[in-house]
Amino acid sequence: MGRLLVETQALRKSYLTGAGALEVLHGVDFSLEEGEFAAVMGPSGSGKSTFMNILGCLDTATSGVYRLLGDPVSDLGPDELAVRRNRFLGFVFQGYNLLPKSDLLENVALPLLYARVPSHERRRRAMEQLAKVGLADFAHRLPGQVSGGQQQRAAVARALVGRPSLILADEPTGNLDSQTSDEIMGLFIGLNGEGSSIILVTHEPDVAACAKRLVRFLDGRLVEDSAVAERRTLPPATDPAANPAGG
């Protein structure tokens with residue numbers, strides 16, 4: 001374990017509706033240190049997605065404190081939040097969110113374009129991350145020319161290319177079959193073993209069991225925060241070329 005990456009204190013979030021204010025987070029206290037791997041679970045409407053959006057600087061709290069790498073970000077404006085997203089966070093989404101007319105190399109390099117990294121360095125670092133997830137031979141294929149599992153690997157590479165302090169994964173296996181899901185989770189376990197810090201939202205107990213820590217939400221409150229009792233072990237992620245139709 002190392003430095004404190006994220007910390008929330010009395011975090012609340014409300015939305016205005018026709019019937020008045022609807023509070024979806026009720027005073028959440030949470031922290032995560034460098035090197036941790038936490039799974040966030042809870043039923044639909046429990047507040048977990050709102051919580052993740054705030055951690056990812058995609059939304060802001062109504063009240064309370066959120067510190068990212070020790071700096072308060074609760075009151076920052078959209079431009080300042082965008083800078084922190086690009087500089088410190090890597091995202092993996094259920095729907096991959098790859099640009100369909102750009103090849104995998106261009107998709108992976110995209111965060112570096114926003115960060116104004118020179119072209120040759122963008123390509124070098126993007127290829128490095130594609131190789132890390134077993135997709136070096138697929139770099140110049142479009143997303144529609146590879147499987148769902150390979151698209152999610154590319155999304156993981158995109159999350160890593162900016163060398164983020166924290167990876168946020170929102171239902172990263174939700175669109176995948178069980179075998180491909182295990183391959184992606186094997187990849188996350190390997191990344192955490194190399195030192196990556198990860199927070200992952202999931203509805204699937206088998207996926208949550210790959211993490212080291214379980215955080216559970218219910219009715220907008222954090223009701224459980226404990227070590228995973230029986231952590232799953234998975235074999236190393238296989239070469240995606242071995243299952244070209246998977247996912």
Side-chain angles (χ1 to χ4, degrees), residues 3-16 24-25 28 30-34 36 38 40 47-126 128-130 133 143 151-172 188 191 196-201:
R3 59 180 174 167
L4 195 63
L5 294 183
V6 299
E7 180 183 21
T8 71
Q9 296 174 330
L11 201 71
R12 294 180 179 273
K13 179 66 178 181
S14 298
Y15 295 100
L16 289 176
V24 294
L25 289 179
V28 175
F30 174 81
S31 63
L32 185 103
E33 292 184 345
E34 193 171 47
E36 289 197 88
V40 179
K48 64 185 185 301
S49 294
T50 299
F51 179 66
M52 281 285 282
N53 285 339
I54 293 173
L55 293 187
C57 297
L58 297 167
D59 198 357
T60 55
T62 304
S63 65
V65 175
Y66 170 36
R67 295 185 182 92
L68 176 61
L69 293 168
D71 293 328
V73 298
S74 306
D75 299 322
L76 296 182
D79 292 343
E80 294 167 309
L81 290 174
V83 169
R84 280 157 178 77
R85 284 196 301 272
N86 185 264
R87 185 175 298 171
F88 301 122
L89 303 172
F91 296 89
V92 182
F93 300 100
Q94 178 177 347
Y96 321 136
N97 288 13
L98 301 176
L99 300 177
K101 295 184 179 180
S102 297
D103 64 24
L104 298 188
L105 182 67
E106 293 167 328
N107 269 284
V108 171
L110 193 59
L112 302 181
L113 176 64
Y114 296 145
R116 300 182 180 179
V117 174
S119 175
H120 67 281
E121 179 67 5
R122 293 200 304 267
R123 293 178 63 84
R124 185 192 70 77
R125 285 169 58 178
E128 181 180 82
Q129 294 305 325
L130 282 170
V133 300
Q151 289 184 62
Q152 194 61 296
R153 284 173 178 265
V156 172
R158 181 184 57 196
L160 294 171
V161 76
R163 300 168 182 163
S165 301
L166 175 65
I167 298 170
L168 297 173
D170 189 359
E171 298 282 1
F188 277 115
L191 291 171
S196 292
S197 308
I198 304 168
I199 300 177
L200 180 150
V201 168

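We count residues from 1, following the sequence as given. Only this structure's heavy atoms are used, side chains among them; waters, hydrogens and symmetry mates stay out.
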Flag yes if more than 12 heavy atoms outside R87 fall under 6.0 Å of its CZ atom; otherwise flag no.
no

Testing L105, L104, L99 for side-chain contact (heavy atoms from CB on, under 4.5 Å) with S102, which one passes?
L99

What residue among V108, L130, L191, V92 forms side-chain contact (heavy atoms from CB on, under 4.5 Å) with L160?
L191

What distance do K48 atom NZ and L25 atom CG have between them, rounded to the nearest 0.5 Å?
11.5 Å

Main-chain N/O of V133 paired to R153 side chain as donor or acceptor, under 3.5 Å
yes

Exercise: do Q129 and R158 side chains pair donor with acceptor under 3.5 Å
no

Measuring only between side-chain heavy atoms, which start at C-beta, is R84 closer than 4.5 Å to E80?
yes

Within a 6.0 Å radius of atom CZ on R12, are there more than 12 heavy atoms belonging to other residues, nucleotides or ligands?
yes

Hey, are the side chains of L166 and F88 touching, using non-hydrogen atoms and a 4.5 Å cut-off?
no

Tell me, do V156 and F188 make a side-chain contact under 4.5 Å, heavy atoms counted?
yes

For a 4.5 angstrom cut-off between non-hydrogen side-chain atoms, does E128 reach R124?
yes

Which atom names give the shortest non-hydrogen contact between P164 and A159, and what distance separates them?
CG-O, 3.2 Å

Close side-chain approach of L58 and F91, heavy atoms under 4.5 Å:
yes

Kindly compute the distance separating OG1 (T62) from CD1 (I54), expressed to the nearest 0.5 Å.
7.0 Å

Examine distances only and state if a side-chain atom of Y96 and a backbone atom of A155 form a donor-acceptor pair shorter than 3.5 Å.
no

With side chains defined as the heavy atoms from C-beta onward, is the minimum distance between F30 and L11 less than 4.5 Å?
no

With no hydrogens and no angle check, is any side-chain donor or acceptor of Q94 less than 3.5 Å from a backbone partner on A169?
no

Could you grab the distance from atom OG of S196 to atom CD of E36, nearest 0.5 Å is fine?
13.5 Å

Taking every non-hydrogen atom, the tightest pair across C57 and Y66:
SG-CE2, 4.4 Å

Testing the basics here: between L200 and P172, what is the closest heavy-atom pair and its distance to 0.1 Å?
CD1-CG, 3.7 Å

Heavy-atom closest pair, residues P100 and P143
O-CD, 3.7 Å

Calculate, to the nearest 0.5 Å, the distance between atoms CG and CG belonging to L4 and L32 respectively.
8.0 Å

Derivation and outcome, side-chain contact (heavy atoms from CB on, under 4.5 Å), residues E121 and L112:
CA-CA 9 Å; E121 179 67 5; L112 302 181; 5.9 Å; no

Here the gap from K13 atom NZ to D59 atom CG, rounded to the nearest 0.5 Å, amounts to 4.0 Å

Going from CG on L55 to OG1 on T50, what distance comes out if it is rounded to the nearest 0.5 angstrom?
11.0 Å

Treating R122 as the side-chain partner and V117 as the backbone partner, does any N or O pair qualify as donor plus acceptor under 3.5 Å?
yes

